[in-house]
Participant: 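Provided herewith is a single structure, encoded as structure tokens, for subsequent inquiry.
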Amino acid sequence: IFVNGELIAEGKGHFALFAEGEADLREANQLWLFPTEATTVTIYRRPNAIKFKTAEVGEWRNSKWRVLERAKIWHEPNAVTVKIDDDLKGEILQLHGE
């Protein structure tokens with residue numbers, strides 16, 4: 001994913017990534033990742049952005065997010081990478097710092 005010529009995210013396979021409202025993907029406190037085919041996704045962050053602590057696989061039930069499993073994440077300078085196991089492809093992941 002490029003925005004104004006700047007690499008924001010890349011992955012091994014197809015994926016969708018979004019933040020709520022008008023938040024910048026590089027600074028958002030929470031992101032939603034939909035890895036349709038991706039096995040890894042790297043999201044490049046601004047230096048002042050929070051570090052995501054979890055990547056939760058889950059579903060919405062009765063207007064509440066329900067965690068089913070956690071994906072593996074690791075941090076690099078100004079980036080976070082999410083490892084998506086084959087059985088998690090097509091699931092919704094929530095990344096956040098809380």
Participant: Mind running salt bridge (Lys or Arg N to Asp or Glu O under 4.0 Å) on K12 and E37 for me, showing each step along the way?
Facilitator: CA-CA 8 Å; K12 292 183 181 175; E37 297 177 1; over 6 Å; no
Participant: Which atom pair, heavy atoms only, marks the closest approach of G97 to K53?
Facilitator: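 Here G97 and K53 meet closest at O-CD, 3.2 Å.
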Participant: Start with the C-alpha distance between V80 and T42, add both sets of side-chain angles, then the distance that settles side chain to side chain contact (heavy atoms under 4.5 Å, CB included), and finish with yes or no.
Facilitator: CA-CA 6 Å; V80 62; T42 300; over 6 Å; no
Participant: Assess whether side chain to side chain contact (heavy atoms under 4.5 Å, CB included) is satisfied between F34 and E91, documenting all intermediate values.
Facilitator: CA-CA 6 Å; F34 184 57; E91 299 293 339; over 6 Å; no
Participant: Ignoring hydrogens, what is the shortest heavy-atom contact between A28 and A23? Give both atom names and the distance.
Facilitator: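 Scanning both residues completely, I find the closest heavy atoms to be CB-CB, 3.9 Å.
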Participant: Could you go through the side chain to side chain donor-acceptor pair (under 3.5 Å) check for W65 and E56 one step at a time?
Facilitator: CA-CA 10 Å; W65 178 250; E56 300 171 339; 3.1 Å; yes
Participant: Is the closest side-chain donor-acceptor distance between Y44 and E6 under 3.5 Å?
Facilitator: no
Participant: Please check this pair: side chain of D24 against backbone of R26, looking for a donor-acceptor N/O pair closer than 3.5 Å.
Facilitator: yes
Participant: Do E69 and L88 have side chains that get closer than 4.5 Å, going by heavy atoms?
Facilitator: yes
Participant: Using atom types as modelled and distance alone, determine if a side-chain donor or acceptor of T40 lies under 3.5 Å from a backbone N or O of G11.
Facilitator: no
Participant: A side-chain contact here means heavy atoms from C-beta on lying under 4.5 Å apart; do Q94 and H96 qualify?
Facilitator: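 They are in contact (side-chain heavy atoms under 4.5 Å apart), so the answer is yes.
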Participant: Ignoring hydrogens and angles, tell me if any N or O in the side chain of R45 forms a donor-acceptor pair with the backbone of I50 under 3.5 Å.
Facilitator: yes
Participant: Is the side chain of H75 donor-acceptor paired with the backbone N or O of F52 at a distance under 3.5 Å, no angle test?
Facilitator: yes
